Amino acid sequence: MASFLKDLSLPAIVAGFLAVLVSYSGPLAIFFQAGASAGISPEMMTSWVWAISMGAAISGIVLSLWLKAPVVTAWSAPGTALLVTLFPELSLNEAIGAYLTAAIIIFIIGVSGTFDTFVRAIPKGVAAGMMAGILFQFGVGAFTAIETTPALAIGMLVSYVAFRRLFPKYTLVLLLIAGVMLAVFLEGASLSGVRWSIAVPQFIKPEWNLASTLSLAIPLVLVSLTGQFLPGMAIIQGAGYPVRAKPIIGVTSLVSLPMAFFGGITTVVAAITAAICTGKDAHEDPSRRYVAGVFNGVFYLVGGLFAGTIVSLFTSLPAAFVAVLAGLALLGAIGGNLSAALEDASHREASLITFIVTASGMSLFGLSSAFWGVVIGYGCYLVLNGKAGGKS
């Protein structure tokens, strides 16, 4: 505890909060779409939000303290997107059974060390190209917001540049405050509709059958590993933290099991929001950035306890506010990954192809552009560097 208190810093706390803010304001919208497709009640929706928040909170706090790295966890956003297409043909009970099956399969893959071997085989430039491609769309989103809300977007951009010049260590802290003020005064954002209420989890009995296993459980394993764990581990390791996937996948999978009974989809390592907590904005000293991961979990804990309240709070802010905040907060991560992708001349073309494929947002056979970016980029790397086609 003494060591943790010594490492405590305001930028790390704010980075943890921003990561939660982006998650609740972005991927959570997909969760609501899935709930609408399933036709669930507001009480059940609150239970879902409670479960995914608690899963992220417990695993994030435990892993960040244990590994002394900013391990940010969340729910599987690609997996949630699958639900939208499966409900209402798939029953809620069958979905819970599929969640449990997926968590067990991911746990076995994680603890076997198979995933670690796969991650180590990917060249650094290709991994960086993938990450730059994933984050690129968020950077673009910060500027396309100018079309719909020019005053707010430009105001936040000017604030960001000014704070980066005058108070570089507290840029994101001040940007958050300035953004909220601009949203209230320029866009008429109001918090008057927010009401405090404690979430009440709803137990759901699981059901298993072959159809739900093939239609949800197996695809959920694939998209979680390729769309979340793969880029998430690339971010953590690319930031200089030599942590293995084995303990991270193990803990997140174990946490996923009890949360599933209350509607929580698989807990995974975060990809997009992880970049906020692993960069210099979280702290100049990399060894103290784990505090951002801890507080990310703390804010998820608060969000879980007040699930209904937290949803109404974040949805009261303009969508442009979140888009600009996320894009500007990730500029450093985008630049760092682009630099790493293009640094080694022998990897440069393959890394650039990885970046373009990933940034395209393409989806094939239900697998994300992050997966195809790595597959295509790595294939190009093997050919271009004489490791395929019979060359020595």
Side-chain angles (χ1 to χ4, degrees), residues 3-4 7-9 11-24 27 52-77 103 106-107 109-111 113 115-116 119-120 127 131 134-135 224-225 227-257 259 264 266-283 285-304 329-330 333 336-337 370:
S3 174
F4 177 75
D7 293 336
L8 205 59
S9 69
I13 295 173
V14 172
F17 175 74
L18 285 176
V20 172
L21 173 66
V22 172
S23 292
Y24 277 143
I52 60 175
S53 300
M54 286 300 181
I58 295 169
S59 56
I61 293 172
V62 169
L63 287 168
S64 294
L65 288 173
W66 177 21
L67 302 176
K68 283 293 188 289
V71 181
V72 177
T73 57
W75 58 95
S76 177
I106 292 173
F107 176 79
I109 292 173
V111 298
F115 191 74
D116 275 308
V119 170
R120 284 196 298 269
M131 279 319 309
I134 291 173
L135 300 175
S224 294
L225 291 176
Q228 295 280 167
F229 282 108
L230 179 60
M233 289 306 303
I235 287 180
I236 295 173
Q237 294 178 354
Y241 299 97
V243 298
R244 298 177 61 197
K246 185 174 181 179
I248 295 176
I249 295 180
V251 170
T252 53
S253 299
L254 290 176
V255 168
S256 296
L257 292 172
M259 293 301 110
T266 310
T267 301
V268 294
V269 65
I272 304 304
T273 53
I276 297 175
C277 296
T278 56
K280 290 184 178 181
D281 284 318
H283 202 282
D285 184 355
S287 67
R288 296 175 64 179
R289 293 176 196 163
Y290 75 94
V291 173
V294 174
F295 271 90
N296 180 258
V298 169
F299 287 117
Y300 268 129
L301 188 64
V302 175
L330 292 169
N337 279 286

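Just so it is clear, the model here is predicted, and its values are computed rather than measured. Worth knowing before you read on, the calculation uses all heavy atoms, side chains too, and leaves out hydrogens, waters and symmetry mates.
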>> Nearest 0.5 angstrom please: Ser53 OG to Trp75 CH2, how far?
In response: 6.0 Å
> Measuring from Thr266:OG1 to Leu257:CG, what's the distance to the nearest 0.5 Å?
Replying inline: 9.0 Å
>> Give me the atom names and distance for the closest heavy-atom approach of Leu65 to Tyr290.
In response: CD2-CE1, 4.2 Å
> Does some side-chain heavy atom of Ile106 sit less than 4.5 Å from a side-chain heavy atom of Phe229?
Replying inline: yes
> Is there a donor-acceptor pair closer than 3.5 Å between any side-chain N or O of Tyr300 and the backbone N or O of Ile52?
Replying inline: no
> When you measure from the side chain of Thr267 to the backbone N and O of Thr252, does any donor-acceptor pair fall under 3.5 Å?
Replying inline: no
> How many angstroms lie between atom OG1 of Thr73 and atom CD of Gln228, to the nearest 0.5 angstrom?
Replying inline: 10.5 Å
>> Using every non-hydrogen atom in the two residues, find where Ala292 and Cys277 come nearest and quote the distance to one decimal.
In response: CB-CB, 3.8 Å
>> Any heavy-atom pair between the side chains of Pro70 and Tyr241 that's under 4.5 Å?
In response: yes
> Do Val251 and Trp66 have side chains that get closer than 4.5 Å, going by heavy atoms?
Replying inline: yes
> Of all heavy-atom pairs between Gly110 and Ile249, which one has the smallest distance, and what is that distance?
Replying inline: CA-CG2, 3.6 Å
> From Leu63 CG over to Ile58 CD1, what is the distance, rounded to the nearest 0.5 angstrom?
Replying inline: 11.5 Å
> With a 4.5 Å heavy-atom cut-off, do Ile236 and Ile248 have their side chains touching?
Replying inline: yes
> Where is the tightest heavy-atom contact between Gly240 and Pro242, given as atom of each residue plus distance?
Replying inline: O-CD, 3.4 Å
>> Main chain of Val71, side chain of Ser64: is a donor-acceptor contact present, judged purely on distance under 3.5 Å?
In response: yes
> Of all heavy-atom pairs between Met259 and Met54, which one has the smallest distance, and what is that distance?
Replying inline: SD-CB, 3.7 Å
>> Less than 4.5 Å apart, side chain to side chain, heavy atoms only: is that true for Leu254 and Phe107?
In response: yes
>> Quick check: closest heavy atoms across Val269 and Gly232, and the distance to 0.1 Å?
In response: CG1-CA, 4.1 Å
> Is Leu8 close to Phe295 at the side-chain level, that is, under 4.5 Å between some pair of heavy atoms?
Replying inline: yes
